[in-house]
Number of protein chains: 2
Amino acid sequence: MVHHMFDVIVEKMREHITLSDDDIALLSTCLEVRKTRKSQLLVEPPYPANAEFFVTKGCLRHYFLDENGVEHTTAFAIEGWWMTDLQSFFTGAPSKYHVEAMEEGEVIKLRKEGREELFTKIPALNIYFRILYQNAIISQNERILNVLSTTADERYLRFIKKYPALENRVPQYLIASYLGITPEFLSKVKTRIAAKKS
Amino acid sequence: MVHHMFDVIVEKMREHITLSDDDIALLSTCLEVRKTRKSQLLVEPPYPANAEFFVTKGCLRHYFLDENGVEHTTAFAIEGWWMTDLQSFFTGAPSKYHVEAMEEGEVIKLRKEGREELFTKIPALNIYFRILYQNAIISQNERILNVLSTTADERYLRFIKKYPALENRVPQYLIASYLGITPEFLSKVKTRIAAKKS
DNA sequence: AACGTCCAATGAACTATATTAAGTAAGCAT
DNA sequence: ATGCTTACTTAATATAGTTCATTGGACGTT
């Protein structure tokens, strides 16, 4: 078993499926390593999202830019996570969401064609990605419920509980954007919560 | 080609994949027709959701019952749609969401085991369900964005545009629950919108 | 050191939505 | 018919969240 730069991703896959050395060799031919700079766009409307990105270092952000120029952050991705604009990636339609690298870092890029090729040559990968998408459904489901049924205070508390790594890594105004509130109100939320603790 | 009670579902599948007569015969053995009464629960916490339901007649509702006894409606399904608590169905964990028939009607039930069997015997079905779940991701994505970034007026307008069939079929307080507002406020929203039109 | 930029924090005034309470109209059991 | 319940409306008041203007700190540039 050769040690190489795709170890992290292979490890993740092996949590769900078994892969032979041959599989891994084939896999390697379809993956591309990309360095990211701060604020670099990996998916940029209206160009279709033609790849998925696996984060090995750094942090990505998925956001929508509305008609008024306001950004709505819909998801974050850190080390070990996949991200792209699935809507565009699945349908081939122009992307409506941006995917942006928030830090210098590194991602592994899997293009659509490479992915298709892998699906036919390594059928087990279908299972891996199916599980990935199932988990996406589940977590989006929870997010919808959260935003419908809980107050901003509660949402903030759950956010820092679920993504403790992000609290001090991501600027406040982006956390606010993810929570669906203004930065000013997030500030108020935080002081209110801090007051309660004492 | 024999005409039978599963026609609707086969038709839907054939929008995406091709099915032989043999496939359909096999499919039939895994599907069960169920009449629904008003307020009947198809998925009831904490019992795991062990099947998916395809609506042939009537209307289903997916909702969460919170600690305060308040129901939060997260989705509707009408004729031609599939529904279950995917979270529980995928993981096998106890269901946290209710799936309720809102009217007398009819659903076609596909159990987990039947579904697995079909996946191995009719591989193309993997594609059909993959597309189904992709669409679920896309529509949940939109819903999250909507509820985070738009006002209640806007959400109501989009709702009646997207689901015109539901506006007069579902009680107002359930639409309010779906929009994440109180019935009282929905009432205000509606009069406000009506006033604007004139 | 002086300057500009970016971000976090704060307070005041404002808007959107919730809560409570009361009234109305329709459906249904007695 | 009578009353009971359930869904919807309206209005008064309260709370959650926004907007705008200001301040101060951290950082990079000249």
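Convention: sequence-line order gives letters A, B, ...; per-chain numbering from 1.
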Nearest-angstrom distance from the residue atom [atom1] of [X] to [atom2] of [N]:
X	N	atom1	atom2	result
A:Lys190	C:dA8	NZ	P	8 Å
A:Lys38	D:dG28	NZ	P	10 Å
B:Gln172	C:dT24	CD	P	21 Å
A:Leu174	C:dC6	CG	P	14 Å
A:Leu148	C:dA18	CG	P	11 Å
A:Glu71	C:dC6	CD	C1'	14 Å
B:Tyr156	D:dC8	OH	C1'	13 Å
B:Ile193	C:dA16	CD1	P	13 Å

**Item:** Sidechain N-carboxylate O distance under 4.0 Å for B:Arg34, B:Glu104
**Value:**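 The answer is no: the pair does not qualify as a salt bridge.
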**Pairing of A:Arg192 and A:Asp153 as salt bridge, 4.0 angstrom limit** =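 Yes, A:Arg192 and A:Asp153 are salt-bridged.
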**Prompt:** How are the rings of B:Trp82 and B:Phe54 set relative to one another: parallel (under 30°), tilted (30 to 60°) or perpendicular (over 60°)?
**Reply:**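 Perpendicular.
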**Request:** Rounded to 10°, tell me the angle between the two end axes of the helix from C:dA1-D:dT30 to C:dT30-D:dA1, each built from five pairs.
**Result:**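 The helix from C:dA1-D:dT30 to C:dT30-D:dA1 shows an end-to-end axis angle of 30°.
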**Request:** Report the residues that fulfil side-chain contact (heavy atoms from CB on, under 4.5 Å) with B:Thr150, sequence neighbours left out, ordered by chain and then residue number.
**Result:**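 Only B:Asn146, B:Glu154, B:Arg155, B:Arg158 meet the side-chain contact (heavy atoms from CB on, under 4.5 Å) criterion with B:Thr150.
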**Request:** Return the 5'-most residue of the pair B:Tyr173, B:Thr191 with respect to DNA chain D, ranking by each residue's nearest nucleotide.
**Result:**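 The 5'-side residue here is B:Tyr173.
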**Asked** Roughly how far, to the nearest 0.5 Å, is CD1 of B:Ile131 from CE of B:Met13?
**Response**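 CD1 of B:Ile131 is found 11.5 Å from CE of B:Met13.
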**Prompt:** So which heavy atom on A:Ser177 is nearest to which on A:Glu71, and how close?
**Reply:**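 Heavy atoms only, the tightest pair is OG-O, 3.4 Å.
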**Item:** Short side-chain donor-acceptor distance under 3.5 Å, A:Ser88 and A:Ser95
**Value:**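 No, no side-chain donor-acceptor pair sits under 3.5 Å.
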**Message:** Has B:Arg14 got a side-chain atom pairing as donor or acceptor with B:Leu19's backbone, closer than 3.5 angstrom?
**Reply:**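 Indeed, once roles are kept as given, a pair shorter than 3.5 Å links the two residues.
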**Message:** Keeping A:Asn68 on the side-chain end and A:Val70 on the backbone end, is there a donor-acceptor pair under 3.5 Å?
**Reply:**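 The answer is no, because no donor-acceptor pair under 3.5 Å joins these two groups.
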What protein N or O atoms touch nucleotides 15-24 of chain D N or O atoms at under 3.5 angstrom, if any, and at what distances?
from: D:dT18; atom 1: OP2; to: A:Thr182; atom 2: N; distance (Å): 2.9
from: D:dT18; atom 1: OP2; to: A:Thr182; atom 2: OG1; distance (Å): 3.1

